[in-house]
Amino acid sequence: MRLQKYMAKCGVASRRKSEKMIDDGLVSVNEKIVTRQGINVDPDKDVVRVNKKIIKLEENKIYIMLNKPLGYVTTTDDERNRKIIIDLIEGVKERIYPVGRLDMDTSGLILLTNDGNVTNKITHPRNEVIKKYIAIVEGTPNKSELTKFRKGIMIDGKKTSPASIKIVKNYENESILEIEINEGRNRQVRKMCEAINHPIKKLKRVSIGEIDIGGLQFGEWRYLDDEEMKYILSL
Ligand code: URA
């Protein structure tokens, strides 16, 4: 099996992201770092490590939602010894991975699974899964700024796809916005708000597609229920 496919099946990340991890020198096969794409591995014989940890095909598929508190990173390992979200999930023996990412200074909904297919479905831009955020920003966007945001903004040299933005409440110096995007670019919501001159003070993700954070408290997690699983598997 191709290495990147094996990594995705183990739930590490989508195939595309796995290729990037190979490029970045994070993957070894039988104790040798592999940076060449396209090599084959035998899941029964070869020992594959990502970030120095052995990965394995899991029989038992796990699907979890977590309300990420501020100050945690969503990587599975952190060289700088920052707090990682995996440490919040106690009592699960399977190795699970976050679906996509949230910045250290963003809170809210993040899914974790060992099902690489599901990770792929949720994160692949083709599926256009909508992620909803509540943001507190400086000032209040005016009509033309809102229009600009909705139509798409150049960030990092590429235009964002159409997005939704609503003012929930505005105060003298700040406002609360509801924002929906269907992409997952690096610090995308922050960059979009900066681009219309309303920097983010606080950001929380409240839903991913039909999965809503509901009453989950910061740091709490639970397994997805039947309805949520039905949605996930229908993607
Ligand atoms: N957009 C951001 O800017 N940060 C996040 O964590 C998620 C989306």
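What you are looking at is a predicted structure, and each value in this text was computed from that prediction instead of being measured. Ligands are counted one by one from 1 in listed order, and the atoms in each one are counted from 1 as well.
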4.5 Å side-chain heavy-atom contact, [X] and [Y]:
X	Y	value
N67	L109	no
H198	E174	no
L112	V99	no

Numbering as shown, the atoms of ligand 1 that approach R187 to under 4.0 Å (heavy-atom distance):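 Contacts of ligand 1 toward R187, numbered from 1: 1 (N), 2 (C), 3 (O).
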Atoms of ligand 1 close to Y133 [distance to a heavy atom under 4.0 angstrom, numbered from 1]: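 Those qualifying, in numeric order: 7 (C), 8 (C).
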Proximity to ligand 1 by part of T106, non-hydrogen separation under 4.0 Å: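 Answer for T106: side chain.
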Heavy-atom donor-acceptor pair, D212 side chain to G214 backbone, under 3.5 Å: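 Side chain of D212 to backbone of G214: a pair is present.
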Side-chain donor-acceptor contact under 3.5 Å, Q4 with Q37: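 No pair is found: no donor N or O on one side chain lies under 3.5 Å from an acceptor on the other.
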Best match, D105, I200, D103: closest heavy atom to atom 2 (C) of ligand 1: D103
Minimum-distance protein heavy atom relative to atom 1 (N) of ligand 1: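 Here the closest protein heavy atom is V189 N, 3.1 Å.
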Geometric N/O contact R190 with ligand 1, under 3.5 angstrom: yes
